[in-house]
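We name chains A, B, ... by the order of the sequence lines, and we start the count at 1 in each one.
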Number of protein chains: 2
Amino acid sequence: MTKQRPLRQNPVSLATVASAAGVSMATVSRIVNGETRRASAETVERVQKVVAALGYRPNHIGRTLRRRESRIVAMLSPNLDNPAMAAIADSVETALRSAGYVMILCDTHDRADLQDEYLHAMRSQVVQGYVVVNAVRSEGLSEAVSRGDPVVFVGRRNPDGGGSFVGIDNRGAGADAADHLWARGIRDLALIHPSQGSSATRDRVEGFVTRLTELGCPRPSIRSAAAPGLRHLEAGYAAVRALVEGEAGRQDWPAGLFCPSDLMAYGAYRFAQENGIRIPQDCRFVGVDDNALNAWIAPWLTSVHIPYVAFGEKVVDQLKNLWAGEGPSEDLLPHELIVRQA
Amino acid sequence: MTKQRPLRQNPVSLATVASAAGVSMATVSRIVNGETRRASAETVERVQKVVAALGYRPNHIGRTLRRRESRIVAMLSPNLDNPAMAAIADSVETALRSAGYVMILCDTHDRADLQDEYLHAMRSQVVQGYVVVNAVRSEGLSEAVSRGDPVVFVGRRNPDGGGSFVGIDNRGAGADAADHLWARGIRDLALIHPSQGSSATRDRVEGFVTRLTELGCPRPSIRSAAAPGLRHLEAGYAAVRALVEGEAGRQDWPAGLFCPSDLMAYGAYRFAQENGIRIPQDCRFVGVDDNALNAWIAPWLTSVHIPYVAFGEKVVDQLKNLWAGEGPSEDLLPHELIVRQA
DNA sequence: CATGTTTTGGCAAACGTTTGCCTAAACCGT
DNA sequence: ACGGTTTAGGCAAACGTTTGCCAAAACATG
């Protein structure tokens, strides 16, 4: 590989400004940082003029090294191609930037080793905190938490327990789905789920099943499929196929199907279409996430809306709490079942 | 706001290792960086043992300050909630990380002022390069380019002209859409587009219209709608509504509709559904992007596939070229029209 | 005028690395 | 034994900030 030339730096530093203004670096530094009462009004004005004239901008690296704090927060997320993850990233980025931080986005591909690698790399960057979406258990994560590094868990709780958390009541979401189908008089139910489900997915399934039991509904058929990575689409397709075709399957379509994520529902939908099953007339689908596109191209999908847009603000609140030395806390945001096609 | 406590740093630095191993910092530094022939075999081994035992990890801030180069690349993207943008971010992130870089993701919300702010902030972070997706013209951008900072434009070319570029042949994509509809014998055509379109969108429209003219096809009806931000969904809905309902509209549905983005097609689809128009039987839609979800829940949409997954690698190649001091170049990736529902 | 207090601002030491240069010692060939 | 080269490794100066401490001057108070 070719040798990398260093990027041309901003040639104007504190020293440049200082000598141009005829004061010391210390004075310039203080004025740049708004410490105006450590200098006379004229000095302040003169320095500010020089700063503007030379276009001086403080070098964050130098500042970070000295202050031992950056304005960077690292966000670790599995696969960005999942729309729900993108929505979270979007929201967190917006909230961080309006709080004056920038976000480094790391795609862990749901792998523990990559998660650890990024945690280490980010620590070397002296980031101020970590936002970990759907964390997996890993050594580095445990270390970071026990070291007291500010980390906020999103979507999935800390696998080791404890810690700050922003998410929804997944069991409640599952229960709402059950209530909805029950209220529609649908009794022949099924559910599919990824076999390596996260705790979030498991909770949704559990909430669904538990609620059905409470209602006295016949136990639903259950089918899972491997979801390598987060390929919920393929998993949904495979699972529903196994459900209605498999040797141990039911050989017919249920009247209602619960999918713990919209992506799985999309996968199931494709299989239904291929087999002439009409959705929602023949089989009513309920998903979770309420993907933004549903309203436009998938109104047949009833889904539990998750207020991802509100996640960012909560995450930043939690980070601020941690920075202030307060203990971790949990934020459960309200979910709501959305029905589009009656 | 509460005072922010500095994050606890890694307490083991070069100095720690050096004194523990009984050598100088210089030696440790060299060994850590693989400069093994500047020390005897025993020394190397001893130092490596100490490094492992103490869990030493070089502080990137110190390194960056000294070397004047980081391993960070900034990616500026308008709204991450657009699936196409998310796909690009995903791809670039993956390619960067396998090249040993980390990516800072900045959401510019398509605003010139935010773009400039991020460009400045990233410069202060001593990033090694910029990847700007769908750049808007801005002062800071022009400065960065003319300063010689490595910047790769993605999707939309440098508004000032010149510079490295990764994208597709948008005119060709539009032409392919025209060819497809023409070959199907469809002559009554229409197209919608966002009124504040990017150059990419404009090129697609232009390619479509030009090709139709070449084919001798009657001129298509054209309708645009404002797309505040990148809300192509709403814009598609509004534009197609104006197309078939507006006082100056055509009062009926065309047989074929070209949308320069899948999102616009989704918007149009919703309006069609609300009006009992069957897609693709009554009106054939052609979009651009080939959103990953199309195969699953929108097979009615014929779309020009853009190989976003391949963008990342190309972007990194371009960056490496720039770092090597070579001039800027362009990468046009192949697009392909995908028909799912005959 | 003496004394105390505020204002204004400079000095210099960090923060954690990297690297040009220097110096011994070891080695080599004659 | 001697000059020359290689080897092994240390010194210290950067990189750009921030900030504790000090000091002179200005000001206030008696």
Taking protein heavy atoms under 4.0 Å as touching, what does nucleotides 16-21 of chain C look like 5' to 3' if B marks base contact, S marks sugar-phosphate-only contact and - marks none?
BBBBBB

It should be established whether A/Ser40 places a side-chain nitrogen or oxygen under 4.0 Å from OP1 or OP2 of nucleotide C/dT7.
no

Assess, by modelled atom type and distance only, whether the side chains of B/Gln318 and B/Ser329 contain a donor and an acceptor separated by less than 3.5 Å.
yes

Taken to the nearest whole Å, CD/A/Glu35 to P/C/dG10 is 15 Å

Examine the side chains of B/Asp116 and B/Ser138 and answer whether a donor and an acceptor come within less than 3.5 Å of each other.
yes

Against the six-membered ring of B/Phe165, is B/Arg156 placed for a cation-pi contact (under 6.0 Å from the centre, within 45° of the normal)?
no

Using a 4.0 Å heavy-atom cut-off, does A/Thr64 contact any base of the nucleic acid, only the sugar-phosphate backbone, or nothing at all?
nothing

How far does CZ of A/Arg123 sit from CG of B/Asn59, to the nearest 0.5 angstrom?
10.0 Å

Tell me yes or no: between the side chains of B/Arg63 and B/Asn33, is some donor less than 3.5 Å from an acceptor?
yes

